[in-house]
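Below: the structure, in structure tokens.
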Amino acid sequence: MTYTELKADETQYVMNTYGRFAIALDHGEGATLWDVEGKRYIDLTSGIGVCCLGYNNEKIVHAITEQAGKLMHVSNLFTTQPMVEVAKKLCTRTGMGKVFFANSGAEANEGMIKLARKYSYDKYGEGRAEIVTLNNSFHGRTVTTLKATGQDKFHQYFFPFTEGFAYADANDIESVKAQVNEHTCAVMMELIQGEGGVLPLDAAFVQQVAAFCKEKDLLLCIDEVQTGIGRTGSLFCFQQYGIQPDVVSMAKGLGGGAPIGAVMAADTCADVLGPGTHATTFGGTPLVCASANVVLDTLDEAFLAEVVEKGEYIKNTILGFGSSKVRDVRGKGMMLGIIVAPEERAALVSEIMDKGVLVLTAGKDAIRLLPPLTISKAEMEEALAVLRDVLA
């Protein structure tokens, strides 16, 4: 079908909840995509950080195909080997205790919120259930995670929201302390505010929050939905901040393209969610866990070192354009934001897309880059040539 034919059917049959670009994608290889009419693109989005090992990855395709021929899904009333293997790898590589599997980032954050509240309820009883998040944060699209998000523009339409959240300023420990009271049970934050504009938190602030949480027996909850699974150059971003969280959420890159989320808890709170307190039909299904095992096996130390090297190369090359249009490049690893004038961003993104490079936006002024971690040197150079042409 042509793009025009597809768009006509989409308009008639699909809810209009996305501001989609005028592109219908058909297939991909590595970090390169083709649309239904044969136009080629270098992809610097990886499905918003999901396809971390690129498209048509031979090992992922083989693992999913083999698993589909054995067992695609069973109830969580039974044990499966792929699910257990993913959990073991995550815990072994992070020093955490146990894992709960879900299907998305929002679900993972919901699970993290439930765990934090039940931990406090079990230990202190009712009335200690509020969670402090950061202004400019983003934690998901469910009713609860929208309210956890520290941006007023998301607190619209869907009233009544789940209450029990307070908002502090990033990189301001006094602001965090001011929001904590006898009703607080946890602090929840992204280490790089992705949707907020690719804004890394200061390491000193993060360590101050961690120490404060330990002092007050508040759970330190780290949202790694976008920053996790190698995106910033370590398996999880928190490993670069010198902290050990109580709870960590993840999704996006974990399945390499297959839908999966997870909540990982430290030993001190790993058994808070007991039988009957939390569940999901599709969480940890063997099909997606087969793919997740490939992702985790691929992300060894040598691979992660390459992520850091590629990210630095992209960042330094863009800064080297010497362009007045580029105000800064923020981020870690291969989670980068090119900072431009807000009033110029839409036109720049449109031109970059027209020239065959797919990019994202974030916040008010960032052109966000989340390329597949496996992007080749040739693909990087081709994409950077387009960015240089448009931005410089």
Side-chain angles (χ1 to χ4, degrees), residues 1-7 9-10 14 18-68 103-105 194 225-226 228-231 251-260 287-288 290-299 303 306-307 310-311 313-314 333-336 349-362 367-387 390:
M1 295 180 75
T2 66
Y3 171 78
T4 302
E5 292 169 332
L6 273 173
K7 193 63 182 178
D9 282 352
E10 180 189 30
V14 180
Y18 297 97
R20 288 192 171 98
F21 296 105
I23 299 170
L25 295 171
D26 180 72
H27 65 283
E29 186 75 33
T32 303
L33 291 167
W34 286 264
D35 68 17
V36 292
E37 293 172 346
K39 183 174 179 178
R40 179 176 172 274
Y41 300 87
I42 302 299
D43 178 34
L44 301 185
T45 74
S46 62
I48 316 185
V50 170
C51 299
C52 62
L53 301 187
Y55 301 95
N56 195 27
N57 181 283
E58 184 178 346
K59 291 182 179 179
I60 287 181
V61 171
H62 174 74
I64 290 177
T65 302
E66 184 178 51
Q67 186 61 49
N103 307 286
S104 69
V225 169
Q226 193 166 149
I229 315 303
R231 176 55 54 186
K252 291 195 181 294
L254 180 57
I260 185 173
L287 190 70
V288 298
S291 185
N293 274 308
V294 172
V295 171
L296 292 174
D297 289 344
T298 302
L299 267 58
F303 184 96
E306 287 185 8
V307 171
K310 289 177 183 178
Y313 180 75
I314 293 170
M334 296 178 77
M335 181 178 178
L336 299 172
V349 167
S350 179
E351 188 175 355
I352 291 167
M353 296 274 205
D354 287 344
K355 291 179 182 292
V357 174
L358 303 184
V359 294
L360 299 160
T361 60
I367 299 174
R368 183 172 33 159
L369 311 181
L370 299 171
L373 305 181
T374 52
I375 188 171
S376 68
K377 184 70 181 297
E379 289 168 323
M380 281 195 293
E381 295 295 355
E382 188 174 342
L384 287 166
V386 170
L387 294 175
V390 175

Item to check | Chi angles and distances behind the side-chain contact (heavy atoms from CB on, under 4.5 Å) call for Leu360, Leu44 | outcome: CA-CA 8 Å; Leu360 299 160; Leu44 301 185; over 6 Å; no
Checklist entry - Which residue, Arg368, Arg231, Lys252, forms the side-chain hydrogen bond (donor to acceptor under 3.5 Å, both in side chains) with Gln226? => result Arg368
Next on the checklist: Looking only at the side chains, is there a donor atom on one of Thr2 and Glu37 sitting less than 3.5 Å from an acceptor on the other?
Outcome noted: no
Checklist entry - What is the distance from atom CG of Leu384 to atom NZ of Lys377, rounded to the nearest 0.5 Å? => result 9.5 Å
Next on the checklist: Within the structure provided, determine whether Val36 and Ile23 are in side-chain contact (heavy-atom separation under 4.5 Å).
Outcome noted: no
Checklist entry - Roughly how far apart are Leu358 CG and Leu25 CG, rounded to 0.5 Å? => result 6.5 Å
Item to check | Cys51 vs Pro372 side-chain heavy atoms within contact, under 4.5 Å | outcome: no
Item to check | Nearest heavy atoms of Val288 and Ala258, plus distance in Å | outcome: CG1-CB, 3.7 Å
Next on the checklist: Closer than 3.5 angstrom, by distance alone: can the side chain of Ser291 be matched with the main-chain N or O of Gly255 as a donor-acceptor pair?
Outcome noted: yes
Checklist outcome for this item: The reported gap from CG in Leu373 to NZ in Lys310 (rounded to nearest 0.5 angstrom) is 7.5 Å
Next on the checklist: If you compare all heavy atoms of Ile314 against all heavy atoms of Pro371, which two are closest, and at what distance to 0.1 Å?
Outcome noted: CD1-CG, 4.5 Å
Checklist entry - Between Arg40 and Glu382, is a salt bridge (charged side-chain N to carboxylate O under 4.0 Å, His left out) present by the stated rule, with each step listed? => result CA-CA 12 Å; Arg40 179 176 172 274; Glu382 188 174 342; 2.5 Å; yes
Next on the checklist: For Tyr3 versus Phe21, what's the shortest heavy-atom pair and its separation?
Outcome noted: OH-O, 4.3 Å
Next on the checklist: Counting neighbours of NZ on Lys7 that are heavy atoms of other residues, nucleotides or ligands and sit closer than 6.0 Å, is the number greater than 12?
Outcome noted: yes
Item to check | Contact summary for Ile60 and Gly256, nearest pair of heavy atoms | outcome: CD1-O, 3.9 Å
Item to check | Stepwise side-chain hydrogen bond (donor to acceptor under 3.5 Å, both in side chains) test for Tyr313 and Glu381 | outcome: CA-CA 10 Å; Tyr313 180 75; Glu381 295 295 355; 2.3 Å; yes
Item to check | Heavy-atom check, side chain of Asn103 versus side chain of Ile260, under 4.5 Å | outcome: no
Next on the checklist: Assess the residue pair Val14 and Arg20 against the criterion (side-chain contact (heavy atoms from CB on, under 4.5 Å)); give the C-alpha distance rounded to whole Å, side-chain angles, the decisive distance to 0.1 Å, and a yes or no.
Outcome noted: CA-CA 12 Å; Val14 180; Arg20 288 192 171 98; 4.3 Å; yes
Checklist entry - For the residue pair Met1 and Glu5, what are the closest heavy atoms and their distance? => result CA-OE1, 3.4 Å
Item to check | Euclidean distance, Gln67 CD relative to Asn293 CG, rounded to 0.5 Å | outcome: 9.5 Å
Next on the checklist: Using the rule given for side-chain contact (heavy atoms from CB on, under 4.5 Å), can you reason through Val61 versus Asn57, listing the C-alpha separation, both sets of side-chain angles and the distance that settles it, and then say yes or no?
Outcome noted: CA-CA 6 Å; Val61 171; Asn57 181 283; 5.6 Å; no
Checklist entry - Between the side chain of Lys39 and the main-chain N/O of Leu33, is any donor-acceptor distance below 3.5 Å? => result no
Item to check | side chain to side chain donor-acceptor pair (under 3.5 Å) against Glu29, all qualifying residues, sequence neighbours excluded | outcome: Asn56
Item to check | Test log, rule side-chain contact (heavy atoms from CB on, under 4.5 Å), inputs Leu254 and Leu296 | outcome: CA-CA 8 Å; Leu254 180 57; Leu296 292 174; 4.3 Å; yes
Checklist entry - What residues, two or more places apart in sequence or in another chain, satisfy ring pair (Phe, Tyr, Trp, His ring centres under 6.0 Å) together with His27? => result Trp34
Checklist entry - Between the side chain of Thr45 and the main-chain N/O of Leu370, is any donor-acceptor distance below 3.5 Å? => result no
Checklist entry - Backbone N or O of Ala63 within a donor-acceptor pair of the Glu66 side chain at under 3.5 Å? => result no
Checklist entry - How long is the gap from CE on Met353 to OH on Tyr41, to the nearest 0.5 Å? => result 8.5 Å
Checklist outcome for this item: For Thr374, the side chain to side chain donor-acceptor pair (under 3.5 Å) test, sequence neighbours excluded, returns none
Checklist entry - Do Leu53 and Thr298 come within less than 4.5 Å of each other through their side chains, counting heavy atoms only? => result yes
Item to check | Nearest heavy atoms of Ala24 and Leu6, plus distance in Å | outcome: CB-CD1, 3.9 Å
Checklist entry - Out of curiosity, Leu369 CG to Asp43 CG, how far, rounded to the nearest 0.5 Å? => result 10.5 Å
